[in-house]
*Asks:* 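Take this structure, written in structure tokens, and hold onto it; I'll ask about it next.
Remember, predicted model here, so these are calculated numbers, not experimental data. All residue numbers refer to positions in the sequence shown, counting from 1.
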Amino acid sequence: MRRDPRRGEAGLEVSQAPSERGAEVGRRIGVGLMYGLWKPRVLGSWRVPAAGPVIFAVNHSHNIDGPMVMGVAPRPTHFLIKQEAFVGPLGPFLEGIGQVKVDRSTADRTAITRALGVLADGGVLGIFPEGTRGEGDFASLRAGLSYFAVRSGAPIVPVAVLGSTEKHGRLIKGLPPLRSRVDVVFGDPFEAGDGSGRRTRKALDEATVRIQERLTAHLDDARRLTGR
């Protein structure tokens, strides 16, 4: 019997996925904010598959990286976002625009099933594979990206955000200078699995190595392309 793609590893029903309509609202808000405050230069967006499940693997060196990708991507995106960001009125807002809250201190089953629901519905899942803000160089990846890619079979599109940390703004020092250029470079989609269908720990570790090689190569290409 063919397994329902809406069911999880143990046959449990996948919890309701975040609203794609909400993510589209978030994309439109992002368009206005990102293009209103800065000067995004978007390269390679045509490489993003027009339909079907996709995972954006985004380097992460600044808080605006996620909103920037949401605003310039050609499709609405559901990002996995740490639960610490869901405070006060920002919490309902992030949930309303289709973002996924995740507890990074544990294997958050609710977040996992909601993220798999996004992919089962043919949506776009955004992941910062480094797990937290850092140098944004893909030097250290967590296993979450390989799990979602191998589990769902969705292709990964590498995304490099460059220029968000080069300078600090005068009005708000924690943000890039207003009207400065931020480059977002989308890479070619690729499959993380080896074609065997295996989901063992060894298979995920091997997938992580392959993913890191592809993401690092894309980042190097993006730097050469943009001169950053």
*Asks:* Working note: Glu84 + Arg104, criterion side chain to side chain contact (heavy atoms under 4.5 Å, CB included); need CA distance, chi angles, decisive distance, verdict.
*Replies:* CA-CA 10 Å; Glu84 292 84 354; Arg104 298 179 299 172; 4.1 Å; yes
*Asks:* Just checking Phe79 against Phe128, ring centres under 6.0 Å apart?
*Replies:* yes
*Asks:* Check the pair Asp108 / Thr106 against side-chain hydrogen bond (donor to acceptor under 3.5 Å, both in side chains), numbers first and verdict last.
*Replies:* CA-CA 6 Å; Asp108 189 337; Thr106 185; over 6 Å; no
*Asks:* Answer yes or no: is there a donor N or O on one side and an acceptor on the other, between the side chain of Arg214 and the main chain of Val209, under 3.5 Å?
*Replies:* no
*Asks:* Is there a side-chain contact between Pro176 and Ile64 in this structure, where contact means two heavy atoms from C-beta onward sitting under 4.5 Å apart?
*Replies:* yes
*Asks:* Do you know which two heavy atoms are closest between Ser152 and Ile55, and how far apart they sit?
*Replies:* OG-CD1, 4.4 Å
*Asks:* Roughly how far, to the nearest 0.5 Å, is the CZ atom of Arg75 from the CD atom of Glu20?
*Replies:* 7.0 Å
*Asks:* At their closest point, which heavy atom of Tyr35 faces which heavy atom of Gly71, and how far apart are they?
*Replies:* CE1-O, 4.3 Å
*Asks:* Is a salt bridge present between Arg224 and Asp221, judged by a nitrogen-to-oxygen distance below 4.0 Å?
*Replies:* yes
*Asks:* Give a yes or no on this: more than 12 heavy atoms of other residues, nucleotides or ligands lie within 6.0 Å of atom CZ of Arg47.
*Replies:* yes
*Asks:* Of all the heavy-atom pairs spanning Phe186 and Gly44, show the shortest one and how long it is.
*Replies:* CB-O, 3.3 Å
*Asks:* Start with the C-alpha distance between Ile112 and Phe148, add both sets of side-chain angles, then the distance that settles side chain to side chain contact (heavy atoms under 4.5 Å, CB included), and finish with yes or no.
*Replies:* CA-CA 8 Å; Ile112 291 170; Phe148 287 117; 4.2 Å; yes
*Asks:* Please check if Leu43 and Val161 belong to a single hydrophobic cluster, counting links between Ile, Leu, Val, Met, Phe, Trp and Tyr side chain heavy atoms closer than 4.5 Å.
*Replies:* no
*Asks:* So, taking the atom named CZ in Phe86 and the one named CZ in Phe93, what distance separates them when rounded to the nearest 0.5 Å?
*Replies:* 10.5 Å
*Asks:* Side chains of Pro67 and Leu33: closer than 4.5 Å at any heavy-atom pair?
*Replies:* no
*Asks:* Do Leu90 and Leu37 belong to the same hydrophobic cluster, where Ile, Leu, Val, Met, Phe, Trp and Tyr are linked whenever their side-chain heavy atoms lie under 4.5 Å apart, directly or via other members?
*Replies:* yes
*Asks:* Kindly compute the distance separating OH (Tyr147) from CZ (Arg199), expressed to the nearest 0.5 Å.
*Replies:* 7.5 Å
*Asks:* Which heavy atom of Pro40 sits nearest a heavy atom of Val72, and at what distance?
*Replies:* CB-CG1, 3.9 Å
*Asks:* Linking I/L/V/M/F/W/Y whenever any side-chain heavy atoms sit under 4.5 Å apart, do Val31 and Leu178 land together?
*Replies:* yes
*Asks:* Hey, is Arg210 close enough to Glu213 for a salt bridge, meaning N to O under 4.0 Å?
*Replies:* no
*Asks:* Could you measure the distance from the CG atom of Leu162 to the CZ atom of Arg41? Nearest 0.5 Å is fine.
*Replies:* 9.5 Å
*Asks:* Decide yes or no for Ile97 and Met70: does some side-chain heavy atom of the first lie under 4.5 Å from some side-chain heavy atom of the second?
*Replies:* yes
*Asks:* When you measure from the side chain of Asp220 to the backbone of Ala217, do you find a donor-acceptor pair of N or O atoms at a distance under 3.5 Å?
*Replies:* no
*Asks:* Ignoring hydrogens, what is the shortest heavy-atom contact between Ala111 and Val100? Give both atom names and the distance.
*Replies:* O-CG1, 4.0 Å
*Asks:* Counting only heavy atoms not in Arg201, do more than 12 fall under 6.0 Å of its CZ?
*Replies:* no
*Asks:* In Å and rounded to the nearest 0.5 Å, what is the CD1 to CG distance from Ile156 to Leu145?
*Replies:* 4.0 Å
*Asks:* For a 4.5 angstrom cut-off between non-hydrogen side-chain atoms, does Pro18 reach Gln99?
*Replies:* no
*Asks:* Taking a hydrophobic cluster as the set of Ile, Leu, Val, Met, Phe, Trp and Tyr residues connected by side-chain heavy atoms closer than 4.5 Å, whether directly or through intermediates, do Met34 and Ile81 fall within one such cluster?
*Replies:* yes
*Asks:* What distance do Lys39 atom NZ and Asp183 atom CG have between them, rounded to the nearest 0.5 Å?
*Replies:* 12.5 Å
*Asks:* Do Val118 and Val124 have side chains that approach each other closer than 4.5 Å (heavy atoms only, starting at C-beta)?
*Replies:* no
*Asks:* Would you mind reporting whether His62 and Leu175 have side-chain heavy atoms less than 4.5 Å apart?
*Replies:* yes
*Asks:* Would you kindly confirm whether Phe56 and Val185 end up in one hydrophobic cluster when ILVMFWY residues are joined by side chain heavy atoms under 4.5 Å apart?
*Replies:* no
*Asks:* So, for Ser19 and Gly22, which heavy atoms are closest and what is the spacing to 0.1 Å?
*Replies:* OG-N, 2.9 Å
*Asks:* Any side-chain heavy atom of Asn59 sitting closer than 4.5 Å to one from Asp65?
*Replies:* no
